[in-house]
Visitor: 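Got a structure for you, written out below as structure tokens; questions coming shortly.
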Amino acid sequence: MRDRLAASDPGLLRLTAGLRTVTAIALTLAVLAALRVPVPHLVAGAMAAMVSTFAIREKSRAQQAVTLALGLPVALASVSLGALLNQRVVVGDLFFVVLIFAAVYGRRFGDRGTALGLIGFQIYFLSLFVHATTAVLPALYGVICVAFACSALARFVLLSQTPAGTLDRLRRAFRARLAQLIAVQAELLDAGPDAVDKVLEELRAATARLHETALMIQGRLEDGTSDPAVARLLQRRIADAEIASERLGLLLLTARSAERTDTLTLHLPGAHLPSGGSLPVRDEATAALRRDLQALRLLMLRPVGEARGTALAHLRNRLLGYREEDNLPKASPAVQDVFRGLGEAARAALGLRVALDGAQDESDDSPATTRSREELDAEDAAIGAGEEREAEKAEPTGLRRPTTRAAVQVAVGSSLAIAGGELLSSHRWYWAVLTCWIVFINTASTGEILVKGYRRLLGTVLGVVAGIGLAGLVGHHTWTAFALVLVFVFAMFYTAPLSYTLMSFFVTAALGLLYTLLNTYSLSVLVLRVEETALGAACGVIAAAVVLPIHTDRRTNELLVEVLDRLAGVARAAVDQLSGGAGADLVEQARELDQALADLRAAIDPLTHPITPLRSRRDTARYVVALLETCAYHARSLAATAELLPTHPSIAADPRLSGACARMLRNIEAIAAHVADPRSAAAIETGPSIASMLEPGTLRTPRYGRVTDRVLRHLQRLDEAVSGLARPLGVPRPGADAGSGAGAKVKQVT
């Protein structure tokens with residue numbers, strides 16, 4: 001159960017965020033109840049505690065403390081202005097718009113600017129919600145101070161979270177997800193014809209979850225490790241383990257198939273295993289494979305403190321022996337490849353264990369294990385001697401700066417929301433402004449704002465229904481209502497990264513209970529909440545579409561070009577190194593490619609959402625991203641193999657690779673040029689396969705020790721995937737009509 005929890009919530013980040021916020025609110029309520037403050041002040045304290053806890057996102061405890069200390073005077077000033085301007089409609093509305101602009105613009109100053117802007121906005125909103133006046137300001141000052149103090153107690157004492165501790169939990173999550181992936185791979189051995197498609201879908205999901213955790217670890221390495229060299233080492237070992245496990249899955253798919261599985265389709269929607277392919281259940285090699293997959297899962301899952309003894313050393317030695325061609329069973333070449341893949345995965349597990357847990361007892365090592373340790377030590381030394389590569393990007397200025405553009409858009413949208421909200425209700429118009437504000441958070445295009453507004457409206461409608469029922473059940477039982485509010489707050493933070501609709505549902509249900517506590521609950525109030533939410537979402541979409549718009553096609557085109565540029569960079573650097581050229585920080589470049597692809601995947605969400613009416617466009621967008629995921633996998637594998645060259649004793653560079661891959665690299669650049677400018681004359685080149693340009697017969701009779709044999713399949717699949725991108729993106733081919741090729745505009749994809 002611990003492993004499953006760690007895998008479902010990597011680093012326990014969602015659990016910690018929910019518990020910390022609930023603890024801060026509960027402490028605030030306990031202190032204020034002991035002081036016998038009225039119920040409206042209890043509500044204000046609970047909201048202030050929630051804001052002061054979730055607004056602060058910095059990783060360092062010292063930075064968090066400074067931001068929390070600065071947030072208190074900001075909160076006091078905000079509630080003071082809210083109380084003073086509450087009855088001055090025009091001046092108050094103008095100030096609210098200025099405050100919203102400043103809060104969004106503050107995001108350009110990093111996490112601290114974002115937190116202070118959020119605190120200022122939310123506390124001003126709080127003053128409107130509880131109808132603060134100048135007469136109650138001294139009491140509200142005390143309530144806010146108590147809330148901030150309880151937030152500090154929850155953050156720094158009761159639920160303390162350090163960057164190193166978070167990184168450690170993320171590493172445990174990585175182990176757990178790695179073990180889950182291997183368990184699914186083991187299921188693939190015995191899956192019958194009816195179950196194989198389901199297992200293949202589980203394999204894709206487990207691979208995606210592992211990749212997600214690897215990216216999360218990358219984001220925490222700098223703050224959670226002692227020095228940059230340690231961070232680079234951990235990054236390399238995490239990448240090795242991820243690539244080795246994913247490659248093992250592809251080798252298993254190949255072995256299961258009656259003919260070689262087309263790994264190009266691994267990431268594609270609806271892809272399935274060719275029918276009729278299976279491993280014989282009673283085959284001796286299959287039984288050994290099943291046994292060794294369980295052994296690998298055990299080695300991946302157990303930390304060094306729980307993995308001592310001769311028995312586990314024997315398992316490790318046996319698996320690593322497959323790398324040296326020791327004890328390979330008599331089986332088909334495809335099945336033997338799986339055992340070799342087991343050896344590579346065991347080596348990755350060994351490197352991961354040494355990097356995460358330190359030195360181990362080596363007394364039971366076999367010669368194969370000793371050689372693997374020597375290789376890892378040599379790689380560690382090479383990584384430690386390297387220097388970090390820093391890339392400088394020109395920052396946009398003026399209205400082209402994302403924070404400035406978003407601040408102007410949200411200010412215009414909020415002005416519309418205030419005007420429309422006042423027409424709906426002169427007392428609760430601020431709900432429309434809150435929705436308009438929220439739909440702009442973490443969005444970068446009109447389509448993203450539209451989808452977020454739709455999800456918030458749907459969650460609000462469902463929450464209103466729940467609020468009606470709960471308000472009737474709770475009645476005037478104050479502490480029962482507060483207990484339910486705490487449950488909903490925890491659920492809100494725990495589900496926020498998973499589903500914006502669910503988060504909106506829990507927020508609205510909690511607000512229904514707060515209205516009950518303030519004795520302002522009625523069906524008409526909750527219906528008004530839905531109307532104001534719809535109005536705020538509509539104002540946000542209108543502002544995003546009219547004021548300095550960033551259309552979804554433009555945004556996705558920019559991100560697509562970035563992905564292709566990073567793909568070309570990784571592939572070129574890897575091929576150069578595999579051909580005998582100078583080394584580069586390939587793992588870091590591969591991670592930058594992964595991050596760019598993750599950004600693209602998030603940006604196309606409006607295009608792939610179920611409500612989109614453009615079905616063919618949705619399918620094309622999914623297909624393009626799936627092909628890019630395939631490209632990224634093979635590029636990662638090439639990068640990992642290239643970094644083995646300086647230290648691996650049994651492989652050497654092959655200068656033929658550079659010439660054989662030149663066409664593929666030019667094709668990636670041509671596709672990027674066409675996406676950036678559909679009028680570009682760039683066209684992809686066709687010709688013989690990479691395999692045919694190298695030594696004939698390499699795929700049929702692999703010699704495992706040569707670098708060419710290791711990378712040829714990755715190069716071939718990458719070449720095929722790049723060529724596959726040309727058609728949906730409308731890139732012309734030689735001999736094709738350039739005009740018709742350009743007719744499939746990138747807009748139709750993005």
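Remember, it's a predicted structure, so these values are computed and weren't measured experimentally.
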Visitor: Regarding Arg591 and Glu242, does a basic nitrogen lie under 4.0 Å from an acidic carboxylate oxygen?
Guide: yes
Visitor: Considering only NZ, NE, NH1 and NH2 on the basic side and carboxylate oxygens on the acidic side, decide whether Asp9 and Arg14 come within less than 4.0 Å.
Guide: yes
Visitor: Start with the C-alpha gap between Ser504 and Thr460, add the side-chain angles, then the distance that decides, and say whether side chain to side chain donor-acceptor pair (under 3.5 Å) holds.
Guide: CA-CA 6 Å; Ser504 301; Thr460 299; 5.2 Å; no
Visitor: Mind checking whether Phe506 and Phe490 have ring centres under 6.0 Å apart?
Guide: no
Visitor: Do any pairs count as a ring-ring contact (aromatic ring centres under 6.0 Å, His included) and have a residue in residues 21-54, sequence neighbours left out, and if so which ones?
Guide: Phe54-Phe493
Visitor: Taking side chain as C-beta onward, heavy atoms only, is Gln185 less than 4.5 Å from Leu203?
Guide: yes
Visitor: Can we say Lys198 and Glu201 salt-bridge, meaning some charged N sits less than 4.0 Å from an Asp/Glu carboxylate O?
Guide: no
Visitor: ring-ring contact (aromatic ring centres under 6.0 Å, His included), that's the test. Do Phe121 and Phe96 meet it? Break it down for me.
Guide: CA-CA 8 Å; Phe121 171 83; Phe96 202 12; 5.6 Å; yes
Visitor: With no hydrogens and no angle check, do the side chains of Arg61 and Gln161 hold a donor and an acceptor under 3.5 Å apart?
Guide: no
Visitor: Is the side chain of Arg169 donor-acceptor paired with the backbone N or O of Gly11 at a distance under 3.5 Å, no angle test?
Guide: yes
Visitor: Check the orientation of Tyr105 and Phe101. Use parallel for under 30°, tilted for 30 to 60°, and perpendicular for over 60°.
Guide: parallel
Visitor: Apply side chain to side chain donor-acceptor pair (under 3.5 Å) to the pair Thr213 and Arg209, showing each step before the final yes or no.
Guide: CA-CA 6 Å; Thr213 309; Arg209 287 193 294 265; over 6 Å; no
Visitor: Report the relative orientation of the aromatic rings in Trp431 and Phe129; use parallel for angles under 30°, tilted for 30 to 60°, perpendicular for over 60°.
Guide: perpendicular
Visitor: Apply side chain to side chain donor-acceptor pair (under 3.5 Å) to Thr67 and Arg112, showing your working.
Guide: CA-CA 6 Å; Thr67 303; Arg112 181 164 296 161; 2.9 Å; yes
